[in-house]
Amino acid sequence: MSSFDVETIRKDFPILSTKVHDKPLVYLDNAATTQKPNSVIEIMNEYMHNHNANVHRGIHLLSEKSTEGYENARIKVANFFNASQPEEIIFTKGTTESINLVAHAWGRKFISEGDIIILSEMEHHSNLVPWQLLAKSVGAELKFVEMNEDTTLNLESLKELVSDKRAKLVALSYASNVLGNVNPVKEVIEISHSENIPVLLDGAQAAPHHKIDFAEIDCDFFACSAHKMLGPTGIGILYAKMELLEAMDPFLGGGEMILEVGLHESSYKEPPYKFEAGTPSYIEAIGFGAAIDYLKAVGMDSIHDHEANLSKYALGELKKLGDVEVYGPSEGRAGIISFNIGNAHPHDVAQLLDADGVAVRAGHHCAQPLMNWLKVSSTSRASFYLYNTESEVDVFVESLDKIKEMFN
Amino acid sequence: MNLDLLYREVILDHYKNPRNRGELESPTVKFDGHNPLCGDTVTLHIKTDGEKITDVKFQGDGCSISQASISMMTEKIKGLSTSEVKDLIENFRAMMKGEEDKEIDMGELEVLQGVKQFPARIKCALLGWDTLKQSLAVLDDRKI
């Protein structure tokens with residue numbers, strides 16, 4: 001694909017031509033999960049039809065084919081994010097498992113009583129609860145980087161927190177799943193590294209939407225999920241620098257991750273296999289590889305520009321509508337718009353939008369501390385991706401106009 | 001999908017102009033309820049005289065279905081005995097499954113029948129009623 005053509009892209013996604021409640025589907029819940037292009041669906045089908053066999057085990061053709069597909073997917077992911085070697089990519093169930101893996105395998109070894117783990121107030125529960133569990137079990141403390149009034153990250157607050165000698169890790173969302181903030185991660189990492197503190201990035205809402213280069217940003221850990229970037233559910237990655245992976249203890253124990261097993265002791269394989277116990281989701285990993293091929297062919301810069309334009313258009317239309325409160329920063333926003341309209345409750349807004357075929361998310365978005373910070377109990381959230389159009393935004397805004405009248 | 005069944009005029013009216021909203025100065029029982037799935041909350045303040053419910057008020061935050069259901073509930077139960085209210089609670093729960101006793105006069109509450117066609121919203125309509133049930137259990141416990 002040489003130039004970005006949204007109508008051509010839409011034809012690759014079979015679900016986009018379906019109807020809900022007899023209305024054309026307007027899918028604006030992409031921050032929750034994204035739809036899948038034919039290439040992803042077909043390659044997974046193809047493997048299940050013709051090549052299925054467990055990876056890294058059988059000395060037979062099908063197993064070799066599966067293993068090759070699985071390892072190629074690892075190489076595709078490594079290249080996509082510019083990791084220095086494919087062995088730094090560990091396949092997991094998704095972002096949540098990746099972060100839990102770090103909390104267990106790295107955290108329990110390197111964080112001890114009295115140490116500090118630095119997070120922010122805008123974290124998704126998946127980058128908060130694993131650290132609460134770790135802190136409780138080892139006696140560490142959680143501290144939170146403050147947010148400025150406009151919801152951007154307060155870097156002065158970060159500088160103060162990392163200057164504490166007890167601080168051992170910064171774990172931060174790259175982009176907020178509620179506000180759409182894209183955090184200045186390069187600066188965050190520079191500031192943290194100046195105090196020799198490693199940084200984990202929750203990349204679930206960033207990886208799908210713009211180019212990310214691990215070598216350039218120099219993050220230590222990075223987690224994301226395939227299903228938020230056109231791939232299947234049940235697969236995601238943890239990236240970590242090789243020296244960290246080598247120093248870490250295993251996460252789950254079982255087959256695949258061992259070298260030799262005795263009754264009382266075992267030795268483990270080198271990364272990434274040390275962290276991939278049991279049969280991995282290899283068909284899903286192969287689907288993830290196809291999703292990455294698709295994103296690369298369209299171009300991450302084009303995807304980013306398309307979403308930024310849609311976001312800008314939608315914010316303009318919402319402003320025209322009036323009586324809409326939009327949360328989040330005015331600049332540097334990903335394709336996520338969290339809002340409340342008049343007196344209407346988000347739960348009602350989502351139900352009424354659904355009747356017009358428009359899918360959005362309503363609720364606390366797994367970020368209750370952030371809801372408290374915003375002093376709201378919940379919001380409605382529209383989130384865009386490469387296949388959304390301005391005319392879909394129009395359907396969304398027209399439907400909101402009716403809702404506004406109804407609750408006026 | 002017929003959303004008119006869900007968003008009846010009476011429901012929207014109770015949402016926009018909730019009845020008995022506020023707090024009682026010295027309630028016999030005060031009880032908090034919440035729905036962790038959607039974050040809806042309610043606090044019921046109930047005053048009783050013997051077996052009779054003499055006054056009731058509520059505070060809370062939530063969607064039109066949960067808040068309207070609570071508002072209508074407070075109007076309906078004022079002046080009833082606690083045993084009458086218990087029957088009403090069970091009949092409202094049955095109504096959400098389409099299994100209500102037609103002999104019991106539900107009055108205005110019947111407009112909430114439409115909710116049963118939207119399974120995801122039934123828990124919204126039940127929030128106030130579940131909280132009421134727990135409030136009455138607190139009263140019963142005191143008698144022992």
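Chain naming here is simple, since letters A, B, ... match the order of the sequence lines and numbering starts at 1 in each.
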Heavy-atom count check: over 12 atoms from other residues, nucleotides or ligands less than 6.0 Å from [X] [atom1]?
X: B:Glu25; atom1: CD; answer: no
X: A:Lys93; atom1: NZ; answer: no
X: A:Lys375; atom1: NZ; answer: no
X: B:Asp141; atom1: CG; answer: yes

Which of residues 61-87 of chain B get closer than 4.5 angstrom to chain A, counting heavy atoms alone? B:Asp61, B:Gly62, B:Cys63, B:Ser64, B:Ile65
Below 4.5 Å, heavy atoms only, C-beta onward: do B:Lys16 and A:Asn408 meet side chain to side chain?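 They are not in side-chain contact.
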Nearest non-hydrogen partners of B:Arg121 and A:Gln351, listed with the distance: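 Shortest heavy-atom separation between B:Arg121 and A:Gln351 comes out as NH1-OE1, 2.6 Å.
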What distance separates A:His21 NE2 from B:Leu3 CG, expressed to the nearest 0.5 Å?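 These two atoms lie 7.5 Å from each other.
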Measure the spacing between CG of A:Leu352 and CG of B:Leu6 and express it to the nearest 0.5 Å.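 That separation rounds to 7.5 Å.
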Which portion of A:Met406 sits near chain B, non-hydrogen atoms under 4.5 angstrom: both
Verify, without hydrogens or angle tests, whether B:Tyr15 (side chain) and A:Ala344 (backbone) share a donor-acceptor contact under 3.5 angstrom.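 Flag not set: sc B:Tyr15 to bb A:Ala344 has no pair under 3.5 Å.
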